[in-house]
Amino acid sequence: MALSDIRRVLISDSLAPACAQILRSLGGIEVTETPGLSPQDLISHIQDYDGLIVRSATKVTSEVLTAGTRLKVVGRAGTGVDNVDVDAATKNGIIVMNTPTGNSISAAELTCGLILSLSRQIPQAASSMTQGKWDRKKYMGSELHGKTLGILGLGRIGKEVAIRMQSFQMKTIGYDPIIPPEVTAEFGVHQFPLEEIWGQCDYITVHTPLLPSTTGLINDAAFSKCKRGVQVINCARGGIIDEEALLRALKSGQCGGAGLDVFTEEPPRDRALVEHPLVISLPHLGASTHEAQNRCGEEIALQIVDLVKARALVGAVNAPALTKAFSPETKPWIRLAEAMGRLLHCLLPVVNGEVQVTTAGGALKNSGSFLCSAVAIGLLQDAEKKVNLVNSCFFGKETGIQVTSHHSSDSLETKLEVSGGGQRVIGGLSGDTPCLIQIGSSRFRTPVSLNGTLLLWRGETDLLKLVEVLAAARSQLQTFHVSGEYRVAEVSAPLSDVSPLGSCLQISLGLSA
Ligand code: NAD
Ligand code: MLT
C-alpha cells in the first residue's frame, strides 16, 4: 500500500487543536484524539490507524510499531525523536517525521530565563517571599555582564541562546563538531576544542541531542576542569549532564548552581537534584508555550497533508533519501524503477550481489538514492514482509542485495538502466507511463508500456499457441514486441498457467509506489 494512503490518524498526546483541524480540513483525514492512552491500549488500538502523532509522553516502542500493521507515518510534534524507536520504524517501513524548528525559540528563551534565574536566584528568592521572609543578604547575586557562557551544541537552539545572551554583554564561546567555526563566528560564538572550553566558562549550557557521544558530556572530569562555582543549564535532554556528577559538584561547591528542564527519568523519582537549594528545576517546559505548541501542531499536520497529497516529504528523520521522492514529477520514475527491479528479478534465477542503477538525463541527476529504494522494492517482490521505499534498501542488504546508483552525463536521453547478475534492462517514460526500452543489448522498436501483465520469452515464440492459450484464458493480446532474442507480449489479463507457452515468464506490474 502506498505510503501516502493515510486515511485515519491517532493523536495520542495533548496537542494544539490546530493539528486535528488541519488534518481534517486540508487532508480529509479522520482524526481520533486520545491523549493519555496507556501503552497497552495504544498497542491494541494502533492497528486501526495509518498515522500516529505524538509529543514526548507517548513511547512509540517496537511493539507499538509492529502492532501498527497499517501505520505509514509517525509524526513527532517537536524536536527530539528519542521517544520513538526509529530503527524499528524503518524496519517496519514507517516514516518518522518531526518538526525540528517549531519550538526552538521557546526552548532558547527558557534557557535564557534559567541563566538569569541562576545569576540572581530569582525562583528561590520568590519562594522565600511566599514563606513570609525578607532575605536580602541571602540572595546576593552576580551580573551576567562580562561573564563567559559556554554553549555546547550550536544548532538551532544553541544559536538562539547565544544571540540573546550577547545582549547581556556575555562573552559567548562554544563547541560543535559539525557546525563550522566560521558559521558560528557569524552569530558571535568563537569555537574552542572542548578541553579549552571548561576552564573559561562562568556558565555552560548544553544544546545537543542525547547520543552515546553526548551522554555524560559534563561529567566528573569536566567539572574538575571548570572554574570553581561554574553554573550549568540543561534544556536539551536528561543525561547530557551526568546527574550524579552534578550532585557531587554541587555538594563540593565546584558547581555553583544548575538549571534543569530535563532529567534522565521524567518525572524524576530520585529527588536529590530537584530538592537541592542551588538547583532550579522545571518539568520539561522548553516547548510549553502557546506559540511553540501551535507551530509544532500545525507543522506536523501540514507535513502529513503534504504526504497524503503526494506533494512532498518534509521532516522525515529516517528516510532522508525520500525527501525528493514525493512529487508528481518523480512518481512515474519511481513506478518505472520498481518495474525495472521486478523485470530484473524475473530475468535472474537468484537475485543477490550488486545491482547497479544508472540514471541519465538532467531530470534524474539527484534521484539515484530514492530510485535505488524503488528498484529494491521490485527486486524484493517475493518478500513476505511489507516492503516500501522506507525499508527496501534495508531488507535488500539483509538478503544480500546491494543497490547502488550512478549518474551518467553521457546520454541526452532521460532513462533508467538497472543491471545485475549479467542482465540489463533500460526504461524511460512515455508521457507519465513507465516503458521498457531495452533488454540486454537490443532496443525494442517501440517502447513496451509497463502496466498490467507482460509475457516474456527469450528466443522464438509460437504465436498461434499464444493466441490459443490467451483465448482459453479469456485474455487478449494487446501488443507484441521484439528486442534481439527477447519477445514481450502485453496481455489484457494474467494467465493462471503459462506452462503451455514453454519458457515464458509472466510479470504482473500492479505497482505499489
Ligand atoms: P540541532 O540539531 O539544531 O542542534 C544540535 C547540535 O548539537 C548540532 O549542531 C550538533 O552538531 C551538535 N552536537 C552533536 N554532538 C555534539 C557534541 N558531542 N558536542 C557538541 N555539540 C554536539 O538541535 P536543536 O533543535 O538545537 O535541539 C537541541 C536539543 O534540545 C535536542 O536535544 C532537543 O531534543 C532538545 N529540545 C528540548 C526542548 C525542551 O522542551 N526542553 C525543546 C526543543 C528541543
Ligand atoms: C522537543 O524535543 O521538542 C521537546 O523536548 C519538547 C517536547 O517534547 O514537548
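Counting convention: from 1, in listed order, for ligands and their atoms alike. Sequence positions, counted from 1, serve as the residue numbers for this chain. The basis for the numbers below is simple: all heavy atoms, side chains too, and nothing from hydrogens, waters or symmetry mates.
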For Y175, the atoms of ligand 1 under 4.0 Å from one of its heavy atoms are 19 (N), 20 (C), 21 (N)
Under 4.0 Å from one or more heavy atoms of N103, ligand 1 contributes atoms 42 (C), 43 (C)
Can you confirm whether more than 12 heavy atoms, excluding those of E265, are under 6.0 Å from its CD atom? yes
Quick note on ligand 1: atoms under 4.0 Å from a heavy atom of T214 include exactly 15 (N), 16 (C), 17 (C), 18 (N)
Interatomic distance, CG@L3 vs CD1@I6, rounded to 0.5 Å, equals 7.5 Å
So the atoms of ligand 1 within less than 4.0 Å of a heavy atom of I179 turn out to be 9 (O)
Query raised in the report: Judged by modelled atom types alone, do T359 and H407 share a side-chain donor-acceptor pair under 3.5 Å?
Result: yes
Can a side-chain donor-acceptor contact be found between Q40 and S38 if the only test is distance below 3.5 angstrom? no
Can an N or O of A287 be found at a distance shorter than 3.5 Å from an N or O of ligand 1?
yes
shortest atom 8 (O) of ligand 2-to-protein heavy-atom contact is with R76 NH2, 2.8 Å
Counting from 1 in the order shown, the ligand 1 atoms closer than 4.0 Å to a non-hydrogen atom of H284 are 39 (C), 40 (O), 41 (N)
Counting from 1 in the order shown, the ligand 1 atoms closer than 4.0 Å to a non-hydrogen atom of P209 are 5 (C), 7 (O), 14 (C), 32 (O)
In this structure, atom 6 (C) of ligand 2 is nearest to the protein heavy atom A287 CB, 3.4 Å
Note to self: So, regarding G78 and ligand 2 (criterion: nitrogen or oxygen to nitrogen or oxygen, under 3.5 Å), is there a contact or not?
What the structure shows: no
In this structure, atom 9 (O) of ligand 2 is nearest to the protein heavy atom R55 NH2, 2.9 Å
Logged contact type for T208 with ligand 1, heavy-atom cut-off 4.0 Å, is both
Ligand 1 to G80, heavy atom cutoff 4.0 Å, flagged ligand atoms 34 (O)
If you scan protein heavy atoms around atom 2 (O) of ligand 2, the nearest is R237 NH2, 2.6 Å
Counting heavy atoms under 4.0 Å, the part of D261 that contacts ligand 1 is side chain
Do NZ/NE/NH1/NH2 and the carboxylate oxygens of D50 and K72 come within less than 4.0 Å?
yes
Here the atoms of ligand 2 under 4.0 Å from any heavy atom belonging to G80 are 1 (C), 2 (O), 3 (O)
The answer for which part of A107 has a heavy atom under 4.0 Å from ligand 1 is side chain
Under 4.0 Å from one or more heavy atoms of D176, ligand 1 contributes atoms 6 (C), 7 (O), 8 (C), 9 (O), 10 (C), 11 (O), 12 (C), 21 (N)
| query | With a 3.5 Å cut-off and no angle check, do the side chains of S106 and E291 form a donor-acceptor pair? | reply | no
Q) Any side-chain heavy atom of S56 sitting closer than 4.5 Å to one from R76? A) yes
If we number the atoms of ligand 2 from 1 as shown, the ones under 4.0 Å from a heavy atom of T79 are 1 (C), 2 (O), 3 (O)
Strictly distance-based, threshold 3.5 Å: is any side-chain N or O of S128 a donor or acceptor partner for the main-chain N or O of K133?
no
Is there a nitrogen or oxygen of R156 sitting under 3.5 Å from a nitrogen or oxygen of ligand 1?
yes
Would you say the side chains of T58 and D13 form a donor-acceptor pair under 3.5 Å? yes
heavy-atom search around atom 5 (O) of ligand 2 in the protein gives H284 NE2, 2.6 Å
The reported gap from OG in S392 to NZ in K397 (rounded to nearest 0.5 angstrom) is 10.0 Å
Value for CD1 (I151) from CD (Q191), rounded to nearest 0.5 Å, stands at 10.5 Å
Checklist entry - Just by modelled atom types, is the A108 backbone N or O under 3.5 Å from a matching donor or acceptor in the E160 side chain? => result no
